[in-house]
Novice: 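One structure, pasted below without further comment.
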Amino acid sequence: MLDLHFVRENLDAVKAALQNRNFPIDSLEKFVQLDTTRRRVIGESDAINQQRNHSSKEIGALVQTGKKDEADAKKAEVADLKDKQNELEHQRKKVEAEMNDLLSHLPNVPQTNVPVGADESANSEVRRWGTPKEFDFEPKDHVDLGEALGILDLERATKITGSRFAILNGAGARLERALVNFMLDIHTTEHGYTETLPPFIVNRKTLFGTNQLPKFEDDLFHLKDERGLALIPTAEVPVTNYHADEILDAKDLPKCFAAYSPCFRSEAGSYGKDTRGLIRQHQFEKVELVKLSLPENSNDEHEKLTENAERILQLLGLPYRTVVLSTGDMGFGAAKTYDIEVWLPSQNTFREISSCSNCEDFQARRMNLRFRRAGGAKLEFVHTLNGSGLAVGRTWIAILENYQQADGSIQIPEILQSYMNGLEKIG
RNA sequence: GGAGACGUGGCUGAGUGGCUGAAAGCGGCAGUUUGCUAAAUUGUUGAGGAUCAAAAGUCUUCCACAGGUUCGAAUCCUGUCGUCUCCGCCA
């Protein structure tokens, strides 16, 4: 959420940012109007409050000195004030609610070094690693490979749940589990993250903190429960909110978390997109990286976090490229985002396997996550960052496709073999 | 699921209708003192909003949250949420 004062004082900059994000700017005119009204109403309301408080004290004194008539006269006066007050308070609440609603629907302002553009065609590649393998046979996709090997069963998953669900069996299930453990081990032992295992169900306040609400209600799986709970779409939600409503000590920053979790997404509006295989599922597993950082360090932390995620692909020997998303392609809360895209032979292209964002103080403001510097200075909002390190299902796909052999077997990357009980190949 | 207790500032903890944004202690910050460390001592120390060019100042709101009673609520009433204890149940 953008700061009220920031929007008021940087109206033109915010307007430009919204336009670059393909976001309608008419709400900013409404903003100016609401802002003016709000301040007027608060001024009037406070003035009446002051009178009331003052009169109440006088009444107290009059009652104690036995001047009942005068006290009664005053009481009548205050009763009048109270009516006006109620009216103003009502207005104030209404205006503030509208204002909040408006602000909570505004996306973050992109950093100035983010490429401006309408969509993903304006994304810009920042680096590339590895060389896609040349196959001397026609490479299959992960569905053909997995089903032939008996490690992937999409049909029965559809039977027991529905489309966009999958069952992994045998070495396939083991590979998934190996990847989770491998990723967590690297991030905790080599990259300094603290492992955390959060709840997979969260409340609405938490969903608001990381921007899923109010705008993206339909992307979630909601529980039929009077508490308004939902399944997490990513561990970013519970983990970033871990310190919500707290005041952290500057010396404890940055805080770096690595969290495994399943992720649940309704994928509303994506019908017909990536319908084959594991690419786009309603449920998938992910190891998520989250950082809480000092504002002045968040860009450096963002670079490091992205490199930490890339490191996993390097260790697995999977070719990838990293792109910086354009203003039109970025997520709602991000100020800057790098996507890491892994090479998929079957599609002869790079596909997203991680998205690493610096949200600056956008989420922190929503969840009231602040810190104090030494010297007792004023409280400031923490900067929050997150990125997949990595999406496990898509890594599973990448391994099958990149490590497939002519006979349909899958060679296991060496670094994973110890996680697979020494298994060198599947099939 | 049943019964009971409770929810106050960074922490502990006073406060049962006006003089309480809140005692006291701890912690934090600033200073003084003392070979160093430690201790002692003095002062200071919540958050949001409005006003203001800014600071200062002034005003206002906040004692889990939302309502209500009252001229006046941390204090009384109702609801919600949460925590703890005991019983039941269960992995």
Side-chain angles (χ1 to χ4, degrees), chain A residues 1-11 31-104 197 199-209 223 225-230 238 241-253 255 292 361 364-382:
Chain A
M1 185 150 80
L2 298 177
D3 177 47
L4 169 67
H5 301 96
F6 175 83
V7 178
R8 184 188 296 156
E9 283 151 32
N10 300 279
L11 212 56
F31 171 88
V32 173
Q33 198 189 341
L34 285 171
D35 185 43
T36 311
T37 309
R38 174 175 169 273
R39 290 196 275 173
R40 196 199 73 230
V41 172
I42 285 177
E44 291 173 12
S45 173
D46 280 1
I48 291 187
N49 256 334
Q50 186 186 357
Q51 281 185 56
R52 271 184 67 194
N53 291 339
H54 186 73
S55 296
S56 287
K57 277 189 184 165
E58 287 182 344
I59 291 169
L62 290 170
V63 168
Q64 277 179 355
T65 52
K67 296 176 181 165
K68 189 166 177 309
D69 292 349
E70 288 180 50
D72 287 345
K74 276 275 175 202
K75 281 186 192 179
E77 257 177 55
V78 175
D80 278 353
L81 287 178
K82 202 172 170 181
D83 287 343
K84 274 193 219 162
Q85 173 70 11
N86 283 338
E87 170 69 17
L88 284 165
E89 273 304 299
H90 180 75
Q91 268 190 60
R92 173 179 180 157
K93 276 184 185 167
K94 194 171 155 243
V95 172
E96 291 197 332
E98 279 182 66
M99 184 76 117
N100 262 331
D101 187 58
L102 192 152
L103 282 174
S104 64
L197 184 65
F200 304 150
I201 294 176
V202 292
N203 60 32
R204 296 185 68 83
K205 179 176 178 294
T206 300
L207 289 160
F208 179 82
L223 269 56
D225 178 294
E226 67 279 2
R227 288 171 293 188
L229 303 177
N241 276 283
Y242 188 78
H243 288 292
D245 291 316
E246 293 184 27
I247 297 168
L248 303 177
D249 200 324
K251 72 176 192 305
D252 296 329
L253 299 173
K255 280 181 176 281
L292 309 179
D361 61 4
R365 187 172 291 111
R366 292 170 90 94
M367 62 179 73
N368 199 26
L369 166 53
R370 297 171 294 176
F371 74 96
R372 192 190 302 279
R373 295 182 193 272
K378 213 166 157 50
L379 299 177
E380 297 170 60
F381 288 108
V382 165

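Predicted, not measured: the structure shown is a model, and the values here were computed from it. Below, chains carry the letters A, B, ... as their sequence lines are ordered, and counting in each starts from 1.
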Novice: With a 4.0 Å limit, can you tell me whether A:R52 has a side-chain N or O closer than that to the phosphate oxygens OP1/OP2 of B:rC71?
Specialist: no
Novice: I'd like to know if A:R39 and A:D35 make a salt bridge, using a cut-off of under 4.0 Å between side-chain N and carboxylate O.
Specialist: yes
Novice: Using only side-chain N and O atoms of A:R372, determine if any of them is under 4.0 Å from OP1 or OP2 of B:rG27.
Specialist: no
Novice: Of all the nucleotides listed (B:rC71, B:rA47, B:rA50), which has the minimum atom distance to the side chain of A:V78?
Specialist: B:rC71
Novice: According to a strict under-4.0 Å criterion, is A:N49 in side-chain N/O contact with OP1 or OP2 of B:rC59?
Specialist: no
Novice: Which part of the nucleic acid, if any, lies within reach of A:K205 when heavy atoms closer than 4.0 Å are counted: base, sugar-phosphate only, or nothing?
Specialist: nothing
Novice: Can you tell me which nucleotide in B:rC71, B:rA50, B:rC59 comes closest to the side chain of A:K75?
Specialist: B:rC71
Novice: Taking only N and O in the side chain of A:R373, is any of them less than 4.0 Å away from OP1 or OP2 of B:rC29?
Specialist: no
Novice: Is A:K82 close enough to B:rU69 that one of its side-chain N or O atoms is under 4.0 Å from OP1 or OP2 there?
Specialist: no
Novice: Mark yes or no for a side-chain to base donor-acceptor pair under 3.5 Å between A:N53 and B:rG72, with no hydrogen or angle criteria applied.
Specialist: no
Novice: Counting only side-chain heavy atoms from C-beta out, which of B:rA50, B:rG67, B:rG18 sits nearest to A:S56?
Specialist: B:rG18
Novice: According to a strict under-4.0 Å criterion, is A:R38 in side-chain N/O contact with OP1 or OP2 of B:rA50?
Specialist: yes
Novice: Measure the shortest side-chain to side-chain distance between A:R40 and A:Q91 over non-hydrogen atoms and say whether it is less than 4.5 angstrom.
Specialist: yes
Novice: Nearest to the side chain of A:R39, heavy atoms from C-beta on, is which of B:rU51, B:rC59, B:rA47?
Specialist: B:rU51
Novice: If you check the A:I59 side chain, which of B:rC71, B:rA50, B:rC59 turns out closest?
Specialist: B:rC71
Novice: For B:rA50 and A:H5 - does any side-chain N or O of the residue sit under 4.0 Å from the phosphate oxygens OP1/OP2?
Specialist: yes
